[in-house]
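I have placed the structure first, in the form of structure tokens, so that the comments after it can refer back to it.
Every number for a ligand or one of its atoms is a count from 1 in the order of the listing.
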Amino acid sequence: MVRVRFAPSPTGYFHVGSARTALFNWLFARHYHGTFILRIEDTDRERSTDESIDQIIESMTWLGLDWDERYRQTDLTPDHLQAAEQLMENGQAYELDGAWWFKVPADGETVVHDSVMGDVTFRHEEFKDFVIRRSDETFVYNFVVVVDDSNMKVTHVIRGDDHLINTPKQVLLYQALERPLPQFAHLPLILGEDRARLSKRHGASSVLEYRQMGFVPEGLINFLARLGWSHGDDELFDRDELIRLFTLEEINRSAAVFNHEKLYWTNQQHMKRLDLEGLAGLVRPFAVAEQSATAEQWDAIDRDRLHLGVDLLRDRSKTLVDLAKVLEILFAATLEPEEPIVLEDRQRVLVAAVADALAEANACEFTPDAVHDIVQSVLAANDAKLKEIAKAVRLCITGRKVGPGLFEIMSAAGQDLSVGRLRALVR
Ligand code: GLU
């Protein structure tokens, strides 16, 4: 039975590198119908904070990475002490200056068999004896991680490759404690676009910042999955596909590059795939924050109109923030056009006639087809073509030069706003 754990240290922001590690463990557990453990490694009491724990929980919950068991490492101190005493009693550890030291065998080597990195050999002469328990009676990461992983019957240790260097020490501890080894899988480093190790310098790096920027969980999950894992040339996966396809064999050995353009693109694709009700729910707080609508306006708007607007406007939106901004088209009495609208007399007459005809329409039937028929009949009666007024009408109705189909967006904006904006233009 597969048992994996994600073991974050709650010492700062929950960044995307940690989220990638959490995701790979979660996918692996779900793929094999195993158990996903969240273990908060808070043994460094000086640096661990409750805010950081909250942020881990909030980020994972938002990403939909649910855990089956949860532990806090400081609750497990009796287990650590028991294992350390075992090593002291067996003579595999000794006390010096109040600290307890693990005795590394002087000769030979330890080979780490890693599912991703292959066999990696470490010669013992490269290590010195190391501390497992400090003189202040706190335990050291390399020791507690072994005790916890083996007590929790963890079968696979999947984590960032910065920990590969720790693994031979951990293997020696497993052997000294006579406990079975898990399978190790070290994930390739994540680099920024400049090929330096990903850090704050490369822009937003905490998961909650990405949430704030309007990324949808499915988009970020897909993007993170592709950081070091691939399945053929496919780029887009939903959650269930990732669970079905994810295996350690398809993890790449080479470093992954965090490409922002691809992140936005992936997010956009997932926004297109979401059902309209779900997407509307996700964009609501952003629309309120961007002042495209008040919460009351948002909740009162006809659902069909809202869904039509969301559907029309999401194609050009890379994030929920983008979408929230353009959704003002559905709510604002008037919009500031991105360039001035200049009308000649004939255009003014046509726009006024269109506005009057639209005002006569049955409010319940303000569909794209109905708007099309009304506008076209006004134009036909005046021997005019749509292109004579299309640009002005678009700028007036949407505030923008380009956008979705004009009749559709007018239908989404609704009769009152469409008529009101056109009348304000020709007043
Ligand atoms: N607390 C360690 C970290 O956050 C865990 C490493 C591991 O997974 O063993 O890096």
Spell out, as yes or no, whether a donor-acceptor pair under 3.5 Å connects the side chain of [X] to the backbone of [Y].
X: Thr11; Y: Arg47; value: no
X: His31; Y: Phe246; value: yes
X: His270; Y: Asn267; value: no

> For Asp42 and Ser48, which heavy atoms make the closest approach, and how far apart are they?
Replying inline: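 Looking at all heavy atoms of both residues, the shortest contact is CA-OG, 3.4 Å.
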
> Partners of Lys262 by side chain to side chain donor-acceptor pair (under 3.5 Å), sequence neighbours excluded?
Replying inline: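 In terms of side chain to side chain donor-acceptor pair (under 3.5 Å), with neighbours along the sequence ignored, Lys262 is linked to Glu235.
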
>> At less than 4.0 angstrom from any atom of ligand 1, which residues have a non-hydrogen atom? List them by chain and residue number.
In response: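 Residues near ligand 1: Arg5, Ala7, Pro8, Ser9, Glu41, Tyr141, Val145, Arg159, His163.
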
>> Looking at Asp66 and Arg30, is there a salt bridge between them, counting it only when a charged N and a carboxylate O are closer than 4.0 Å?
In response: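 Asp66 and Arg30: salt-bridged.
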
